[in-house]
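For reference, the structure is listed below as C-alpha coordinates.
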Amino acid sequence: MSVRVSLTVRGAVGLAAIALAYLFIERDDEQVVDDANSSAPEFVRDVQQINTAAEQSHDPSPSEDGDDSLVTELHQQALAALNEQSYQLAFELAQEIYLIDDSPSNAIAVNASRIAGYWANDLQSHYRPNSALLVWRQAIEWHHDTGHPQLSLARLLLRGAKVAEALVIVEEALVEFPDNSKLLALRADIASLQGEADLAVKFLSAALAIDSANSYYATRLEQLKIEALAFTDYLSVSTAHFESSFDSQNRSMVRNI
(Lines give C-alpha, C1' and ligand atoms only; values in the text may rest on other atoms or scores of the structure.)
Protein backbone atom coordinates (compact mmCIF):
# COMPACT_ATOMS: atom_id res chain seq x y z
CA MET A 1 0.00 0.00 0.00
CA SER A 2 1.44 3.37 -0.93
CA VAL A 3 2.03 6.01 1.68
CA ARG A 4 -0.73 8.16 0.14
CA VAL A 5 -3.32 5.39 0.45
CA SER A 6 -2.14 4.51 3.94
CA LEU A 7 -2.57 8.08 5.10
CA THR A 8 -5.93 8.44 3.40
CA VAL A 9 -7.28 5.33 5.12
CA ARG A 10 -5.89 6.39 8.46
CA GLY A 11 -7.38 9.86 8.14
CA ALA A 12 -10.79 8.49 7.11
CA VAL A 13 -10.85 6.12 10.08
CA GLY A 14 -9.83 8.91 12.44
CA LEU A 15 -12.50 11.29 11.21
CA ALA A 16 -15.15 8.57 11.37
CA ALA A 17 -14.20 7.89 14.96
CA ILE A 18 -14.50 11.56 15.84
CA ALA A 19 -17.89 11.79 14.14
CA LEU A 20 -19.11 8.86 16.21
CA ALA A 21 -17.65 10.49 19.30
CA TYR A 22 -19.74 13.62 18.79
CA LEU A 23 -22.82 11.54 18.13
CA PHE A 24 -22.51 9.77 21.48
CA ILE A 25 -21.41 12.85 23.40
CA GLU A 26 -24.30 14.98 22.18
CA ARG A 27 -26.84 12.26 22.89
CA ASP A 28 -25.46 12.06 26.41
CA ASP A 29 -25.74 15.84 26.78
CA GLU A 30 -29.40 15.86 25.79
CA GLN A 31 -30.35 13.91 28.92
CA VAL A 32 -29.99 16.99 31.12
CA VAL A 33 -32.20 19.25 28.99
CA ASP A 34 -35.97 19.46 29.09
CA ASP A 35 -38.05 17.82 26.35
CA ALA A 36 -38.89 21.12 24.65
CA ASN A 37 -35.18 21.73 24.05
CA SER A 38 -33.86 18.20 23.65
CA SER A 39 -31.29 19.22 21.05
CA ALA A 40 -29.68 21.91 23.22
CA PRO A 41 -26.05 21.60 24.36
CA GLU A 42 -25.55 20.37 27.91
CA PHE A 43 -24.66 23.69 29.50
CA VAL A 44 -28.09 25.09 28.64
CA ARG A 45 -30.11 24.33 31.74
CA ASP A 46 -33.89 24.08 31.54
CA VAL A 47 -35.98 27.18 32.20
CA GLN A 48 -37.09 26.08 35.67
CA GLN A 49 -33.48 25.69 36.79
CA ILE A 50 -32.63 29.14 35.46
CA ASN A 51 -35.56 30.73 37.31
CA THR A 52 -34.64 28.91 40.51
CA ALA A 53 -31.04 30.11 40.28
CA ALA A 54 -32.25 33.69 39.87
CA GLU A 55 -34.53 33.44 42.88
CA GLN A 56 -31.79 32.05 45.12
CA SER A 57 -29.23 34.77 44.42
CA HIS A 58 -29.45 38.45 45.28
CA ASP A 59 -27.10 41.25 44.30
CA PRO A 60 -25.88 42.86 47.56
CA SER A 61 -24.81 46.08 45.84
CA PRO A 62 -27.61 47.59 43.72
CA SER A 63 -26.73 49.92 40.85
CA GLU A 64 -27.15 53.68 41.12
CA ASP A 65 -30.02 55.87 39.88
CA GLY A 66 -32.58 53.10 39.75
CA ASP A 67 -30.55 51.05 37.32
CA ASP A 68 -30.88 47.99 39.55
CA SER A 69 -34.66 47.91 39.22
CA LEU A 70 -34.39 48.24 35.43
CA VAL A 71 -31.83 45.44 35.27
CA THR A 72 -34.11 43.26 37.38
CA GLU A 73 -37.06 44.05 35.11
CA LEU A 74 -35.06 43.24 31.97
CA HIS A 75 -33.84 40.05 33.57
CA GLN A 76 -37.38 38.92 34.28
CA GLN A 77 -38.46 39.85 30.76
CA ALA A 78 -35.58 37.80 29.36
CA LEU A 79 -36.62 34.79 31.44
CA ALA A 80 -40.22 35.22 30.32
CA ALA A 81 -39.08 35.30 26.67
CA LEU A 82 -37.05 32.18 27.31
CA ASN A 83 -40.13 30.47 28.72
CA GLU A 84 -41.91 31.35 25.49
CA GLN A 85 -38.97 29.92 23.51
CA SER A 86 -38.34 33.36 22.04
CA TYR A 87 -34.62 32.85 22.24
CA GLN A 88 -33.52 35.77 20.10
CA LEU A 89 -35.65 38.19 22.12
CA ALA A 90 -34.32 36.76 25.38
CA PHE A 91 -30.77 37.20 24.10
CA GLU A 92 -31.42 40.79 23.02
CA LEU A 93 -32.87 41.59 26.45
CA ALA A 94 -29.76 40.13 28.06
CA GLN A 95 -27.67 42.41 25.84
CA GLU A 96 -29.70 45.38 27.10
CA ILE A 97 -28.87 44.42 30.67
CA TYR A 98 -25.16 44.72 29.93
CA LEU A 99 -25.66 48.12 28.32
CA ILE A 100 -26.95 49.31 31.70
CA ASP A 101 -24.69 47.31 34.01
CA ASP A 102 -21.57 45.65 32.62
CA SER A 103 -21.10 43.73 35.88
CA PRO A 104 -24.49 42.42 37.05
CA SER A 105 -24.99 39.89 39.83
CA ASN A 106 -23.60 36.39 39.38
CA ALA A 107 -27.09 34.91 38.94
CA ILE A 108 -27.93 37.35 36.14
CA ALA A 109 -24.57 36.74 34.47
CA VAL A 110 -25.04 32.94 34.60
CA ASN A 111 -28.56 33.25 33.24
CA ALA A 112 -27.45 35.58 30.46
CA SER A 113 -24.81 33.06 29.43
CA ARG A 114 -27.35 30.24 29.41
CA ILE A 115 -29.88 32.32 27.49
CA ALA A 116 -27.14 32.92 24.90
CA GLY A 117 -26.71 29.16 24.76
CA TYR A 118 -30.35 28.66 23.85
CA TRP A 119 -30.09 31.23 21.08
CA ALA A 120 -26.80 29.80 19.78
CA ASN A 121 -28.32 26.33 19.72
CA ASP A 122 -31.33 27.63 17.83
CA LEU A 123 -29.04 29.26 15.28
CA GLN A 124 -27.14 26.00 14.87
CA SER A 125 -30.36 24.08 14.31
CA HIS A 126 -31.21 26.51 11.49
CA TYR A 127 -27.81 26.03 9.81
CA ARG A 128 -26.35 29.38 10.82
CA PRO A 129 -23.03 28.25 12.34
CA ASN A 130 -21.19 31.54 11.88
CA SER A 131 -23.86 33.44 13.80
CA ALA A 132 -23.90 30.70 16.43
CA LEU A 133 -20.14 31.05 16.90
CA LEU A 134 -20.55 34.74 17.72
CA VAL A 135 -23.29 34.03 20.25
CA TRP A 136 -21.26 31.27 21.92
CA ARG A 137 -18.39 33.74 22.31
CA GLN A 138 -20.80 36.20 23.90
CA ALA A 139 -21.99 33.48 26.27
CA ILE A 140 -18.40 32.91 27.38
CA GLU A 141 -17.85 36.63 27.86
CA TRP A 142 -20.88 36.87 30.13
CA HIS A 143 -20.07 33.82 32.27
CA HIS A 144 -17.85 30.74 31.96
CA ASP A 145 -20.48 28.58 33.71
CA THR A 146 -18.09 25.74 34.69
CA GLY A 147 -16.75 25.51 31.15
CA HIS A 148 -19.90 24.46 29.33
CA PRO A 149 -20.10 27.35 26.83
CA GLN A 150 -16.42 26.84 25.96
CA LEU A 151 -17.18 23.17 25.35
CA SER A 152 -20.04 24.02 23.00
CA LEU A 153 -18.00 26.61 21.13
CA ALA A 154 -15.08 24.22 20.67
CA ARG A 155 -17.37 21.49 19.34
CA LEU A 156 -18.85 23.86 16.79
CA LEU A 157 -15.38 24.98 15.73
CA LEU A 158 -14.38 21.36 15.19
CA ARG A 159 -17.42 20.80 12.98
CA GLY A 160 -16.04 23.57 10.81
CA ALA A 161 -12.59 21.88 10.79
CA LYS A 162 -11.12 24.73 12.86
CA VAL A 163 -9.00 22.41 14.96
CA ALA A 164 -6.39 24.95 16.05
CA GLU A 165 -9.05 27.42 17.25
CA ALA A 166 -10.91 24.69 19.12
CA LEU A 167 -7.67 23.61 20.78
CA VAL A 168 -7.06 27.13 22.13
CA ILE A 169 -10.58 27.31 23.58
CA VAL A 170 -10.35 23.88 25.23
CA GLU A 171 -6.90 24.42 26.70
CA GLU A 172 -7.92 27.78 28.19
CA ALA A 173 -11.06 26.24 29.66
CA LEU A 174 -9.11 23.33 31.18
CA VAL A 175 -6.85 25.75 33.03
CA GLU A 176 -9.95 27.09 34.78
CA PHE A 177 -11.92 23.82 34.93
CA PRO A 178 -9.39 20.94 35.03
CA ASP A 179 -12.00 18.48 36.33
CA ASN A 180 -14.52 18.95 33.53
CA SER A 181 -14.60 15.44 32.05
CA LYS A 182 -16.21 16.54 28.78
CA LEU A 183 -13.51 19.14 28.18
CA LEU A 184 -10.88 16.49 28.87
CA ALA A 185 -12.58 14.08 26.46
CA LEU A 186 -12.75 16.76 23.78
CA ARG A 187 -9.06 17.52 24.32
CA ALA A 188 -8.41 13.82 23.76
CA ASP A 189 -10.36 13.94 20.49
CA ILE A 190 -8.31 16.90 19.30
CA ALA A 191 -5.08 15.11 20.19
CA SER A 192 -6.25 12.09 18.22
CA LEU A 193 -7.07 14.28 15.22
CA GLN A 194 -3.57 15.72 15.37
CA GLY A 195 -2.00 12.26 15.44
CA GLU A 196 -0.95 12.47 19.11
CA ALA A 197 -2.31 9.10 20.21
CA ASP A 198 -0.42 8.90 23.51
CA LEU A 199 -1.63 12.36 24.50
CA ALA A 200 -5.19 11.39 23.56
CA VAL A 201 -4.94 8.36 25.87
CA LYS A 202 -3.69 10.60 28.68
CA PHE A 203 -6.58 13.06 28.44
CA LEU A 204 -9.31 10.46 28.01
CA SER A 205 -7.92 8.46 30.94
CA ALA A 206 -8.28 11.61 33.04
CA ALA A 207 -11.86 12.07 31.80
CA LEU A 208 -12.73 8.47 32.66
CA ALA A 209 -11.18 8.83 36.12
CA ILE A 210 -13.62 11.66 36.79
CA ASP A 211 -16.64 10.06 35.09
CA SER A 212 -15.96 6.37 35.69
CA ALA A 213 -19.51 5.30 34.77
CA ASN A 214 -19.24 6.70 31.25
CA SER A 215 -19.24 3.62 29.01
CA TYR A 216 -18.42 5.65 25.90
CA TYR A 217 -15.23 6.98 27.48
CA ALA A 218 -14.20 3.44 28.45
CA THR A 219 -14.76 2.09 24.93
CA ARG A 220 -13.10 5.05 23.24
CA LEU A 221 -10.11 4.79 25.58
CA GLU A 222 -9.49 1.20 24.50
CA GLN A 223 -9.61 2.32 20.87
CA LEU A 224 -7.09 5.06 21.55
CA LYS A 225 -4.76 2.67 23.35
CA ILE A 226 -4.80 0.34 20.34
CA GLU A 227 -4.15 3.30 18.04
CA ALA A 228 -1.25 4.47 20.22
CA LEU A 229 0.27 0.99 20.15
CA ALA A 230 -0.21 0.64 16.38
CA PHE A 231 1.59 3.89 15.65
CA THR A 232 4.39 3.49 18.21
CA ASP A 233 7.06 3.10 15.50
CA TYR A 234 5.63 5.65 13.11
CA LEU A 235 7.70 8.66 12.08
CA SER A 236 6.53 11.95 10.58
CA VAL A 237 7.78 13.91 7.61
CA SER A 238 6.59 17.49 7.15
CA THR A 239 6.43 19.65 4.04
CA ALA A 240 5.10 23.15 3.52
CA HIS A 241 1.57 21.78 3.11
CA PHE A 242 1.37 18.25 4.52
CA GLU A 243 2.54 16.08 7.36
CA SER A 244 2.90 12.39 6.48
CA SER A 245 3.35 9.48 8.89
CA PHE A 246 4.91 6.14 8.00
CA ASP A 247 6.01 2.93 9.67
CA SER A 248 9.72 3.20 10.37
CA GLN A 249 9.99 -0.62 10.46
CA ASN A 250 8.77 -0.91 6.87
CA ARG A 251 11.99 -0.72 4.84
CA SER A 252 10.20 -0.33 1.52
CA MET A 253 8.16 2.56 2.87
CA VAL A 254 11.25 4.21 4.35
CA ARG A 255 12.99 4.05 0.96
CA ASN A 256 9.96 5.56 -0.78
CA ILE A 257 9.76 8.41 1.70
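The distance from atom CG of Leu74 to atom CD of Gln95, rounded to the nearest 0.5 Å, is 12.0 Å. Summarising the geometry, atom OG belonging to Ser125 is positioned 6.0 Å from atom CG belonging to Asn121; distances are rounded to the nearest 0.5 Å. Here Phe203 contributes atom CZ and Leu224 contributes atom CG; the two are 12.5 Å apart, rounded to the nearest 0.5 Å. One finds the CD1 atom of Ile97 at 9.0 Å from the CG atom of Leu70 (value rounded to the nearest 0.5 Å). Remark: Gln88 CD to Ile115 CD1 distance equals 13.5 Å, nearest 0.5 Å. Atoms CG and OH, on Leu123 and Tyr87 in that order, are 12.0 Å from each other to the nearest 0.5 Å.
Contact record, Leu93 with Ala81: CD1-CB, 4.4 Å, taken as the closest heavy-atom pair. The minimum heavy-atom distance between Ala116 and Val135, with the atom names listed, is O-CG1, 3.2 Å. Residues Leu186 and Ala154 approach most closely at CD2-CB, 3.6 Å, considering heavy atoms. The two residues Pro149 and Ala139 make their nearest non-hydrogen contact at CB-CB, 4.2 Å. The two residues Asn111 and His75 have their closest heavy-atom pair at ND2-NE2, 3.0 Å.
Scanning for side chain to side chain contact (heavy atoms under 4.5 Å, CB included) contacts around Ala112 gives Ala94, Tyr98, Trp142, with sequence neighbours left out. Partners of Thr219 under the side chain to side chain contact (heavy atoms under 4.5 Å, CB included) rule, at least two apart in sequence or in another chain, are Gln223. For Glu222, the side-chain hydrogen bond (donor to acceptor under 3.5 Å, both in side chains) test picks out no residue, with sequence neighbours left out. Qualifying side chain to side chain contact (heavy atoms under 4.5 Å, CB included) partners for Ile210, counting only residues two or more places apart in sequence or in other chains: Asp179, Ser181, Leu184.
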Validation: residues 167-177 side-chain donor-acceptor distances under 3.5 Å, sequence neighbours left out:
from   : atom 1 : to     : atom 2 : distance (Å)
Glu171 : OE2    : Arg187 : NH2    : 3.4
Glu176 : OE1    : His144 : ND1    : 2.5
Glu176 : OE2    : His144 : ND1    : 3.2

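Counting only distance, with no hydrogens or angles, the side chain of Asp101 and the backbone of Asp68 share no donor-acceptor pair below 3.5 Å. Between the Ser212 side chain and the Leu208 main chain, no donor and acceptor come within less than 3.5 Å of each other. Without hydrogens or angle criteria, Asn214 side chain to Tyr217 main chain gives a donor-acceptor distance under 3.5 Å.
Side chains of Arg155 and Leu151 form a contact here, defined as non-hydrogen atoms less than 4.5 Å apart. Counting heavy atoms from C-beta outward, Gln77 and Leu89 have side chains that stay 4.5 Å or more apart.
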**Item:** Residue pair Val163, Leu157: steps toward the side chain to side chain contact (heavy atoms under 4.5 Å, CB included) verdict
**Value:** CA-CA 7 Å; Val163 179; Leu157 286 168; over 6 Å; no
**Request:** Show the numbers, then the answer: is there a side chain to side chain contact (heavy atoms under 4.5 Å, CB included) between Lys202 and Leu199?
**Result:** CA-CA 5 Å; Lys202 172 186 173 182; Leu199 190 60; 4.1 Å; yes
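Side chains of Trp136 and Gln124: a donor-acceptor N/O pair is present below 3.5 angstrom, by distance only. Using a 3.5 Å distance cut-off with no hydrogens or angles, the side chains of Asn106 and His143 do pair a donor with an acceptor.
Listed by first and then second residue, the salt bridge (charged side-chain N to carboxylate O under 4.0 Å, His left out) pairs involving residues 74-98 amount to none (not counting sequence neighbours). Listed by first then second residue, pairs satisfying salt bridge (charged side-chain N to carboxylate O under 4.0 Å, His left out) with a partner in residues 120-142 read Arg137-Glu165, not counting sequence neighbours.
Linking ILVMFWY residues whenever their side-chain heavy atoms come closer than 4.5 Å, directly or via other members, leaves Ile140 and Leu134 in distinct clusters.
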